[in-house]
2 protein chains.
Amino acid sequence: MVTIADVARHAGVSVSTVSYTLSGKRPISAETRKRIARSVAELGYRPNAKAQALASNRTNTLALMAPLRADNNVPVIMQFVAGIATAAREHDHDILLLTQGEGVEGVRRVRETALVDAVIVMDIEADDARLPVLRKMGLPAVLIGTTENAGGLVWVDLDFGRAAEACVDHLAGLGHRSILMLGSPSAVYERRSSYALAFAAGFESAVRRHGIDGRWCPSEPAYQAVSALVEQELARRPDTTALVVHNEGILGAVLGTLRRLDLRVPEDISVVALCPEQTAVNQVVELTGVAVPAEQIGRAAVEMVLRQVDGDGTAQTRLIAPQLTLRQSTAVRRA
Amino acid sequence: MVTIADVARHAGVSVSTVSYTLSGKRPISAETRKRIARSVAELGYRPNAKAQALASNRTNTLALMAPLRADNNVPVIMQFVAGIATAAREHDHDILLLTQGEGVEGVRRVRETALVDAVIVMDIEADDARLPVLRKMGLPAVLIGTTENAGGLVWVDLDFGRAAEACVDHLAGLGHRSILMLGSPSAVYERRSSYALAFAAGFESAVRRHGIDGRWCPSEPAYQAVSALVEQELARRPDTTALVVHNEGILGAVLGTLRRLDLRVPEDISVVALCPEQTAVNQVVELTGVAVPAEQIGRAAVEMVLRQVDGDGTAQTRLIAPQLTLRQSTAVRRA
DNA sequence: TTGAAAGCGATACCAA
DNA sequence: TTGGTATCGCTTTCAA
């Protein structure tokens with residue numbers, strides 16, 4: 001392994017000069033700079049990350065605690081992770097991947113062993129046990145998602161409440177008066193994932209505001225379960241003319257079931273989905289809906305957390321406005 | 001931050017004694033051990049990871065280069081990542097996440113800056129440019145997937161060739177003589193991902209061996225594209241009585257199209273899929289097929305790579321046998 | 001069974 | 001504009 005001392009020797013200068021040249025933290029004569037650059041190239045020198053971290057108290061790595069479970073909307077999680085990893089590299093940082101399972105102890109560990117400069121935490125739950133710890137530790141952090149007790153912490157998220165409202169507003173605007181919302185798997189609500197709760201709350205408030213009839217229920221991904229659920233709910237409320245689906249895993253089953261019931265989309269029933277654009281356009285009928293701008297949020301999270309690391313005290317929380325895209329699955333309610 | 005010196009002082013012993021006590025690398029009197037344990041607990045001491053790494057030349061972190069793209073079978077990738085991350089933690093290691101996009105330079109970087117002890121590389125392609133670099137660098141590594149020029153490197157993978165054969169064998173055994181295989185998106189073949197090529201090759205060799213008629217084509221996830229493709233291929237070869245699908249993203253569309261064409265599964269046409277169990281059982285008809293044991297492979301990769309780190313020269317490559325699970329989507333070919 | 005001290009490979013302060 | 005060197009927090013050799 002080639003060290004900074006090797007470079008210094010090779011270039012005939014001192015170690016500190018090499019260090020300063022590389023960091024640019026003090027002026028170096030063009031001549032010296034050139035000699036050092038040559039030596040670096042010739043020897044193929046790269047600073048040892050651990051030594052650098054130890055001396056500078058900066059690891060240039062970010063912890064990312066991500067929910068790697070199957071029950072969630074996996075593709076969206078993946079988009080978050082991809083966006084974060086890419087953005088981190090653009091800012092010359094690496095990602096240390098922690099699983100949700102490590103929980104509070106994971107956060108403590110990376111902090112106390114000084115493994116990372118900051119942490120990005122995904123999938124926030126109501127009364128999330130990690131939040132008080134993060135607050136107390138004072139480790140720079142950004143939450144992706146938020147909840148009531150997130151006060152004092154910086155977070156960024158899609159405004160899921162307004163996303164639900166956008167869906168309802170759109171349907172109400174088309175004249176729909178009776179809407180069924182199919183939610184995420186019940187496990188998601190049971191652990192009180194912030195985004196699912198926010199979407200459900202937004203849905204409820206929007207239907208109330210419009211004075212229309214709206215109800216919702218969790219839904220599991222099994223085809224038969226979806227099919228039975230949809231059939232039963234439509235039978236109970238035959239006046240239902242629109243569906244909102246906050247569960248990308250069941251879209252195929254929902255559309256299949258509607259066809260089985262001889263309900264055409266959008267002529268007989270409108271469907272709005274919260275899902276990635278890819279998923280939306282790959283269905284039998286291209287779906288109107290809102291997408292989680294996961295990559296954008298991931299990038300924002302990286303930038304927000306790095307600002308904190310750089311000591312910018314003006315850290316601001318960010319709520320991203322949802323954008324509803326019109327496609328083929330919604331239409332005016334038939335008279 | 002509390003350091004090893006603080007602990008030593010608090011316990012009234014030397015720094016080296018604390019270090020040896022913690023590492024267990026030399027005998028320590030029970031008395032001393034107890035005192036140190038108390039001090040550690042009382043002060044909440046945790047060794048600084050960077051200092052430890054610098055001194056011991058061991059980072060206790062593994063690089064994982066994962067394909068975080070959308071065109072792939074995202075859930076399976078996620079399972080790999082989850083298995084790897086979990087297994088790594090069980091062995092007291094962390095995961096540094098590299099994106100596929102970093103390519104050769106990513107591998108070089110983590111090696112030359114001494115960021116990690118070893119690397120796990122996913123999604124191997126034919127003539128993968130990373131392989132020669134890995135070989136030359138001598139960084140402990142495990143590939144998930146393999147290819148012709150992987151000689152000298154350790155890898156682990158599902159035997160995709162035999163997986164395809166298992167599917168064909170099963171169908172042939174049921175009397176099917178004309179099979180269509182719907183493959184992954186064409187981009188996957190274009191970049192020559194090892195698993196896709198191996199599956200296709202296995203399919204071809206199996207149909208040849210059985211002397212039956214088999215053909216295959218890539219398939220894109222868009223519903224209409226799938227639908228058109230299936231309809232066209234079945235029209236071209238009306239004797240087709242079985243489908244093999246190596247693309248979990250299109251399963252819903254395939255089944256939907258078959259129904260539209262009034263083909264019942266499995267009475268009129270059998271379907272075998274290579275996809276996660278979850279996906280298989282969540283379709284209208286539960287699908288017979290082979291699953292990638294992603295978590296198991298991920299765990300194996302971690303263990304294999306750690307063995308190398310520990311200097312076990314007997315590193316062995318592993319090819320996991322596929323397991324076909326019978327469900328509702330296959331039946332004897334009707335006379 | 002324990003301690004002292006020399007590294008590990010950088011950064012950055014203090015001098016010149 | 002440059003150099004010398006203490007320092008970061010730990011591991012491990014050498015000595016006792």
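All values below were derived from every heavy atom in this structure, side-chain atoms included, with hydrogens, water molecules and symmetry-related copies excluded. Residue numbering restarts at 1 for every chain, and letters A, B, ... go by the order of the sequence lines.
Here D:dT11 presents its C1' atom at 10 Å from CG of B:Leu54, a figure rounded to the nearest Å. Distance CD (A:Glu112) to P (D:dG9): 15 Å, rounded to an integer number of Å. Rounded to an integer number of Å, the gap from B:Gln52 CD to D:dC8 P is 18 Å. With rounding to whole Å, B:Lys50 atom NZ is found 17 Å from D:dT11 atom C1'.
Atom CG of B:Asn57 sits in a sparse spot, with 12 or fewer heavy atoms from other residues, nucleotides or ligands closer than 6.0 Å.
Put simply, the residue from A:Val7, A:Ile4, A:Asp6 that forms a side chain to side chain contact (heavy atoms under 4.5 Å, CB included) with A:Val15 is A:Ile4.
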Could you give me the CA-CA distance, side-chain angles and deciding distance for B:Thr3 and B:Asn48, then say whether side chain to side chain donor-acceptor pair (under 3.5 Å) is met? CA-CA 8 Å; B:Thr3 74; B:Asn48 179 299; over 6 Å; no

side-chain contact (heavy atoms from CB on, under 4.5 Å) between B:Val110 and B:Leu96: does it pass, once the steps are laid out? CA-CA 9 Å; B:Val110 295; B:Leu96 196 82; 4.1 Å; yes

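Of the residues in residues 23-34 of chain B, those lying under 4.0 Å from DNA chain C by heavy-atom distance are B:Arg26, B:Pro27, B:Ile28, B:Ser29, B:Thr32. Against DNA chain C, the stretch residues 9-17 of chain A makes heavy-atom approaches under 4.0 Å through A:Val15, A:Ser16.
Closest approach of A:Arg35 and A:Ala11 over heavy atoms only: NE-O, 2.9 Å.
Residues B:Ser29 and B:Thr32 have side chains that bring a donor and an acceptor to within less than 3.5 angstrom of each other. A side-chain N or O of B:Ser193 and one of B:Asp123 form a donor-acceptor pair less than 3.5 Å apart.
With contacts defined as side-chain heavy-atom distances shorter than 4.5 Å, the pair B:Arg69/B:Ile77 does not qualify.
Chain A approaches DNA chain C within less than 4.0 angstrom (heavy atoms of the protein), and the contacting nucleotides run 5' to 3' from C:dG9 to C:dC14.
Of the possible polar contacts, none joining the B:Thr17 side chain to the B:Val13 backbone as a donor-acceptor pair under 3.5 Å is found.
Here A:Tyr20 does not reach the OP1 or OP2 of D:dG4: none of its side-chain N or O atoms lies under 4.0 Å away.
Note on B:Arg192 versus B:Asp128: no salt bridge recorded, every NZ/NE/NH1/NH2 to OD/OE distance being 4.0 Å or above.
Going from atom CH2 of A:Trp155 over to atom CD1 of A:Ile120 covers 16.0 Å, rounded to the nearest 0.5 Å.
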